[in-house]
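Here is the structure we will look at.
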Amino acid sequence: MKPQVLKGFRDYLPRQMILRQRIIALFRGVFERHGYEPLDTPVLEHLEVLTGKAGENERLMYHFEDQGGRAVGLRYDLTVPLSRVVAMHQNDLVLPFKRYQIAPVWRAEKPQRGRFREFWQCDADIVGSPSMLADAEAITVMAEALAAVGLPQATIRINHRKLLTALALLSGVDAARAGGVYRAIDRLDKVGPDGVDRELIGLGVPAGAAKRILDLVTRTGAADTLLSGLREQLAGVPGAAEAIGELEQLFAYLPQFGIPASAYVLDLALARGLDYYTGPVFEASVEQPKIGSVGGAGRYDDLIGTFLGRGVPATGMSLGIERIIEVVEEFGLLPVQSTVTEVFVVAFPETMAAAAGIARDLRAAGRRVDLSLLPSRGVGDQLKYAGRKGIPLAVIAGATELDAGTVALKDLRSNEQRTLALIELPGAVERLLHLEQ
RNA sequence: GUGCCUUUAGCUCAAUCGGCAGAGCGCCGGACUGUGGAUCCGGAGGUCACGGGUUCGAGCCCCGUAAGGCACCCCA
């Protein structure tokens, strides 16, 4: 049997796991500081729970028949499972329900840099508030999470799904076929204005309407100026006034939540592909490295209704761990740690018992301690092992020192070593570790 | 899912026209019996991604497959 993993799936070795867990811990901290509660759901769902929500993306869904003949699928995102949970457990949840979920999802895409078939999403959502305050908080949480990992160059672009629908109506395309118009508009940064113009005309949009749409979505400037301009241009178009009004509220709330104005921008060309969005949509992306968006989301007021029969408003955001790691590594935004161990205890065959006792005492003091399990290795080899793993401190528990009630403490980073009374060891270790921070 | 590029030691890569598979780094051992990293010496390590084909002879040419990457599509 040849050892191998599936295309687009990966093992995470300790060095990578340390960074992943660190980022996850930072995100969890941001989520919990904003009052979000943890949630987890099964990786496998009834296929019908998953289908009908992702539009054309359903071709990327992993699905199969289980041994009992049931049609099942691996979750494609964390938003649909959340909606199912809300519908199933409505009596146990206090609304607005704010939950975060950090968990893997699966998509059968062609792998590329920052794009995998198994990847982790970090979602924070608010269920039960139709207010733009909820959307403003979702954007705030996203901005703070990105700032927590030192990613300030990511700007959150914001748009409104109903605004795009209004543009489609304006162009003479009915709401059912509006998706094509969204996609054409969304490709603005890739194919440029002329390209979008060609694509719109290819969809059957009259040349005049295409030009008008292009004129509207390529405008830049302050959100309130853009929105008041749109209010005039789209007067009488169904849904437009509502969308513009919501965006105006949203942009009024954002400064109140304390996010710097540089962290977000109104981008009238932003579309996003998932079918279930009904209101504001947001997306955070980076220019370098070229991996596209690192997070996104939006409001999905009708999704829970597909399970419940009655609508429950919901909004939230999602961050992609793998892509964020790509950026963090590219720019060295977080320190690289190769081990979680703080102290290594060098032992000799004849001092094994004492060495184990020292390790136990240090652990009781809260230290992370590795004890040599191969004491027949020489001191040099044991120190080499500790050094190669990147462990900062070594305690040498030799007979010479122990007979005098002492022990040698070596700082493997600076090569400084001193002999100290056994009783002083925990304090000395603590001091050396904190000097490092 | 489509198109293109790549794949040689653990890693990064070389190998002229199709003619005996190499280097650096890493690893292991020694110089050095209780002190890692440096230096020197020595050593191990290869199904040339995999499967076919052409040829006297293939790492090199041809076909197929897989994995990785780039561009689409789409997305975190």
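A quick note: this is a predicted structure, and the numbers were derived from the prediction, not measured. All chains are named by letter (A, B, ...) in the order of the sequence lines, taking the proteins before the strands, and each is independently numbered beginning at 1.
B/G57: no Watson-Crick or G-U partner with both key distances under 3.5 Å is found in any strand. Across all strands shown, B/C74 forms no Watson-Crick or G-U wobble pair with both distances under 3.5 Å. With a 3.5 Å ceiling on both atom-pair distances, the Watson-Crick or G-U wobble partner of B/G68 is B/C5. In this structure, B/U39 and B/A31 make a Watson-Crick or G-U wobble pair, each of the two defining distances being under 3.5 angstrom. B/G45 makes up no base pair with any nucleotide shown, lacking Watson-Crick or G-U wobble contacts both under 3.5 Å. The partner of B/A14 cannot be assigned: no Watson-Crick or G-U wobble pair with both contacts below 3.5 Å exists in any strand.
When heavy atoms are screened at a 4.0 angstrom cut-off, A/Ala386 is found touching no nucleic acid atom at all. Within the 4.0 angstrom heavy-atom criterion, base atoms lie near A/Lys190. Among the atoms of the strands shown, base atoms are found under 4.0 Å from some heavy atom of A/Gln112. Here A/Tyr385 lies out of heavy-atom contact (under 4.0 Å) with every strand. Using a 4.0 Å heavy-atom distance criterion, A/Gly8 is classed as a sugar-phosphate-only contact. Residue contacts shown for A/Arg323 include a base, since a base heavy atom lies under 4.0 Å away. Nucleic acid contact for A/Gln382: none, since no nucleic acid atom lies under 4.0 Å from a heavy atom of the residue. Counting non-hydrogen atoms under 4.0 angstrom, A/Ile396 reaches a base of the nucleic acid. Among the atoms of the strands shown, base atoms are found under 4.0 Å from some heavy atom of A/Glu109. A/Gly398 comes within 4.0 angstrom of a base, heavy atoms only. Residue contacts for A/Glu401: at a heavy-atom cut-off of 4.0 Å it reaches a base atom on one of the strands shown.
Here the P atom of nucleotide B/A76 and the CD1 atom of A/Ile24 are 18 Å apart, to the nearest Å. When the P atom of B/C75 is taken as reference, atom CG of A/Leu270 falls 11 Å away, rounded to whole Å. We find that CZ of A/Arg10 is positioned 12 Å from C1' of B/G68, with the value rounded to whole Å. Rounded to whole Å, atom P of B/G36 lies 19 Å from atom CG of A/Asp370. Per the geometry, CZ belonging to A/Arg107 stands 9 Å off C1' belonging to B/C74, to the nearest Å. Rounded to a whole Å, the CG atom of A/Leu319 is 14 Å from the C1' atom of B/C75. Between A/Tyr276 atom OH and B/C74 atom P there is a gap of 16 Å when expressed in whole angstrom units. When rounded to the nearest whole Å, the span between CZ of A/Arg413 and P of B/U35 equals 22 Å.
Look at the P atom in both B/C28 and B/G36: the space between them is 15 Å, to the nearest Å. When the C1' atom is compared between B/C5 and B/A44, the two are found 35 Å apart, to the nearest whole Å. Here the separation of B/G10 from B/A49, taken at their P atoms, is 13 Å to the nearest Å. Here the separation of B/G51 from B/A66, taken at their C1' atoms, is 10 Å to the nearest Å. A gap of 14 Å separates the C1' atoms of B/A58 and B/C17, to the nearest Å. Comparing B/A14 with B/U55, their C1' atoms sit 26 Å apart, to the nearest whole Å. Atom name P, nucleotides B/G46 and B/C56: the rounded distance is 31 Å, in whole Å.
Closest approach to the A/Lys7 side chain among B/G68, B/G36, B/C74 is made by B/G68 (side chain taken as heavy atoms from C-beta onward). Nearest to the side-chain atoms of A/Gln417 among the listed nucleotides B/U35, B/A76, B/A71 stands B/U35. Distances from the side chain of A/Arg388 to the nucleotides B/G69, B/A76, B/C27 place B/C27 closest. The nucleotide whose nearest atom lies closest to any side-chain atom of A/Lys110 is, among B/C74, B/G3, B/A76, B/G3. Set against B/C74, B/A76, B/G36, the side chain of A/Lys410 has B/G36 as its closest nucleotide. Among B/U35, B/G69, B/A76, the nucleotide with an atom closest to any side-chain atom of A/Pro111 is B/G69. Considering only side-chain atoms of A/Lys384, the nucleotide from B/C74, B/A76, B/C28 that sits closest is B/C28. Among the nucleotides B/G34, B/C70, B/G36, the one closest to any side-chain atom of A/Arg113 is B/C70.
Taking the nucleotide of RNA chain B with the nearest heavy atom to each of A/Ala108 and A/Glu322, the more 5' of the two is matched to A/Ala108. Positionally, the nearest nucleotide of RNA chain B for A/Ala399 lies more toward the 5' end than for the other of A/Ala399 and A/Ala297.
The ring of A/Phe348 does not lie on top of the base of B/G34; it is either too far (5.5 Å or more) or too tilted (30° or more).
A side-chain donor from one of A/Gln101 and A/Asp40 sits under 3.5 Å from a side-chain acceptor of the other. Residues A/Tyr277 and A/Asp302 bring no donor and acceptor atom of their side chains to less than 3.5 Å of each other.
Of the options A/Gln16, A/Arg20, A/Glu330, a side chain to side chain contact (heavy atoms under 4.5 Å, CB included) to A/Ile325 is made by A/Arg20 and by none of the others. Partner of A/Ser83 under the side chain to side chain contact (heavy atoms under 4.5 Å, CB included) criterion, chosen from A/Thr306, A/Leu303, A/Val127: A/Leu303.
Checked for salt-bridge contact, A/Glu342 and A/Arg367 meet the test: a charged N lies under 4.0 Å from a carboxylate O.
Remark: the A/Asp381 side chain and the B/G36 base include no donor-acceptor N/O pair separated by less than 3.5 Å. Side-chain N/O atoms of A/Arg115 and base N/O atoms of B/C74 include a donor-acceptor pair closer than 3.5 Å.
The local environment of CZ in A/Arg10 is crowded, with over 12 non-hydrogen atoms from other residues, nucleotides or ligands closer than 6.0 Å. Other residues, nucleotides and ligands contribute over 12 non-hydrogen atoms within 6.0 Å of the CZ atom of A/Arg363.
Ring geometry for A/Tyr276 versus A/Tyr300: interplanar angle over 60°, hence perpendicular rather than tilted (30 to 60°).
Under the 6.0 Å distance and 45° angle rule, A/Arg157 does not count as a cation-pi partner of A/Phe282.
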